[in-house]
Amino acid sequence: MSTSIQTRERRKTEIAKAMREMVPLAFDEETTHVMDYACGTGAISQRLAPYCKRIIGVDINANVVDQYNETVLNQGISPEDYCINHVDLIVFEIQEMVAFCTDLSERPEVLDNELFDVIVCSQAYHHLPSITKTTELLLSYLKPGGSLLVADLLKSDHSHEFHSYKHHTEITNPEHEAALQSPVIHHGGITEDQIHSAFEYAGLTEIEFKIIHTIQKGDRGFDIFLVKGSKPL
């Protein structure tokens with residue numbers, strides 16, 4: 001495994017760990033239902049799986065969702081225990097871990113009105129046209145008292161350079177390739193004020209913000225933040 005891949009995998013592990021530590025009481029392997037929004041191939045889902053009862057991944061990219069579900073199958077969950085995702089799927093059986101290829105803003109019925117204890121989103125918000133509208137959408141899928149956790153690139157004086165670094169070893173990764181093909185709406189990441197305002201506008205409370213990781217690319221450091229908001233009871 002190359003150094004860049006090891007670094008990327010370590011970053012994902014640190015992000016998942018920081019998510020659990022920010023809301024330690026929210027994760028219970030017997031009861032917690034989690035949505036991994038913009039889940040990619042499932043790196044964050046895999047790291048959170050031991051700490052929750054059920055994880056549903058959601059992504060609009062069919063290729064990464066197929067890999068997510070293939071990984072689940074290869075880890076020993078039988079085909080009878082999960083549904084293969086497709087946009088025409090409306091109702092699904094209770095599953096331990098499965099991803100669906102859909103746009104929740106257009107097809108909310110895909111999740112059959114399920115509400116979640118925790119919704120996570122890692123390094124995808126800066127690709128979204130409106131972080132406020134997305135936050136409002138995700139809030140609608142939270143149980144009262146549930147938590148939304150978003151990790152992403154913090155905007156700084158040089159963070160606009162982040163997406164100019166392309167390592168050939170990363171492009172072979174399906175999740176990274178999908179990210180490169182996805183438009184970067186918020187070049188340079190998101191400021192603390194922007195994410196706080198989006199959470200507050202959506203109606204989330206108990207908002208917490210912290211820097212959890214620094215990505216080193218060349219001689220530049222790029223900070224990753226984690227923000228948490230709670231849906232009022």
Side-chain angles (χ1 to χ4, degrees), residues 7-8 10-27 34-40 43-44 47-48 58-59 104-105 116-142 144-165 175-176 179-180 182-233:
T7 299
R8 190 171 62 245
R10 184 167 58 251
R11 177 169 76 243
K12 294 171 184 176
T13 297
E14 290 185 11
I15 290 173
K17 182 174 182 286
M19 287 175 169
R20 290 190 291 105
E21 291 177 344
M22 186 167 274
V23 285
L25 298 180
F27 287 94
V34 175
M35 180 202 294
D36 185 356
Y37 184 75
C39 62
I44 297 298
R47 288 160 171 80
L48 294 179
V58 175
D59 203 293
L104 291 182
S105 65
F116 297 85
D117 301 288
V118 179
I119 297 177
V120 301
C121 182
S122 178
Q123 295 179 269
Y125 253 50
H126 66 280
H127 290 279
L128 303 174
S130 172
I131 62 174
T132 298
K133 289 182 179 179
T134 299
T135 304
E136 289 181 298
L137 174 67
L138 296 180
L139 177 68
S140 71
Y141 285 93
L142 274 178
S147 298
L148 173 61
L149 298 166
V150 173
D152 216 308
L153 176 68
L154 181 66
K155 191 166 188 175
S156 69
D157 291 340
H158 62 268
S159 58
H160 63 280
E161 301 173 11
F162 181 80
H163 290 92
S164 66
Y165 289 86
E175 191 171 63
H176 186 74
L180 291 179
S182 178
V184 180
I185 306 299
H186 301 277
H187 283 276
I190 300 169
T191 68
E192 180 176 356
D193 285 344
Q194 285 175 321
I195 194 68
H196 192 283
S197 294
F199 271 45
E200 195 171 55
Y201 184 86
L204 290 158
T205 60
E206 301 176 356
I207 300 171
E208 296 181 31
F209 178 99
K210 66 186 298 187
I211 303 301
I212 59 169
H213 184 77
T214 299
I215 300 172
Q216 202 66 37
K217 292 193 174 190
D219 60 352
R220 295 292 199 185
F222 303 89
D223 288 334
I224 300 296
F225 68 80
L226 178 63
V227 62
K228 182 270 293 186
S230 300
K231 183 173 183 175
L233 293 170

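Applying the side-chain contact (heavy atoms from CB on, under 4.5 Å) rule to His213 yields the partners Arg11, Glu14, Ile215, Ile224; only residues at least two apart in sequence or on another chain are considered. Residues forming a salt bridge (charged side-chain N to carboxylate O under 4.0 Å, His left out) with Lys17 (at least two apart in sequence, or on another chain): Glu21. The salt bridge (charged side-chain N to carboxylate O under 4.0 Å, His left out) test applied to Arg20 returns no partner, not counting sequence neighbours. When the side chain to side chain donor-acceptor pair (under 3.5 Å) test is applied to Thr132, no partner is found at least two apart in sequence or on another chain. Among residues two or more places apart in sequence or in another chain, the side-chain contact (heavy atoms from CB on, under 4.5 Å) test is passed with Ser140 by Leu137. The side chain to side chain donor-acceptor pair (under 3.5 Å) test applied to Asp36 returns Ser45, not counting sequence neighbours. Among residues two or more places apart in sequence or in another chain, the side-chain contact (heavy atoms from CB on, under 4.5 Å) test is passed with Ser147 by Val23, Lys228, Ser230. Partners of Glu192 by side-chain contact (heavy atoms from CB on, under 4.5 Å), not counting sequence neighbours, listed by chain and number: Phe209. With sequence neighbours left out, the side chain to side chain donor-acceptor pair (under 3.5 Å) criterion links Ser105 to Asp103.
Under a 3.5 Å cut-off, the side chain of Lys231 and the backbone N or O of Gly146 do not form any donor-acceptor pair. Of the possible donor and acceptor atoms, one in the side chain of Asp152 sits under 3.5 Å from a partner among the backbone N and O of His126. Although no hydrogens or angles enter the test, the distance criterion places a donor-acceptor pair under 3.5 Å between the side chain of Gln216 and the main chain of Arg220.
The shortest heavy-atom contact between Ala26 and Val118 is CB-CG2, 3.7 Å. For the residue pair Phe27 and Val34, the shortest heavy atom distance occurs at CE2-CG2, 4.1 Å. Nearest heavy atoms, Ser122 versus Ile44: CB-CG1, 3.7 Å. Heavy-atom minimum distance, Cys39 versus Asp59: N-OD2, 3.3 Å. Between Met19 and Ala151, the shortest heavy-atom contact is CE-CB, 4.2 Å. Of all heavy-atom pairs between Arg47 and Ala43, the closest is NH1-O, 2.9 Å.
The shortest distance between side-chain heavy atoms of Leu226 and Leu149 falls below 4.5 Å. For the pair Leu148 and Leu139, the minimum side-chain heavy-atom distance is 4.5 Å or more. A 4.5 Å side-chain heavy-atom check between Met22 and Ile212 finds every atom pair outside the cut-off.
Here the straight-line distance linking atom CD1 of Ile119 with atom OH of Tyr141 works out to 9.0 Å at 0.5 Å rounding.
Within the structure, every pair that satisfies the salt bridge (charged side-chain N to carboxylate O under 4.0 Å, His left out) test and touches residues 116-129, not counting sequence neighbours, is listed here: Asp117-Lys143.
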| task | Test Leu204 against Leu142 for side chain to side chain contact (heavy atoms under 4.5 Å, CB included), laying out the working first. | result | CA-CA 10 Å; Leu204 290 158; Leu142 274 178; 4.2 Å; yes
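A donor-acceptor contact under 3.5 angstrom links the side chains of Tyr125 and Thr135, judged on distance only.
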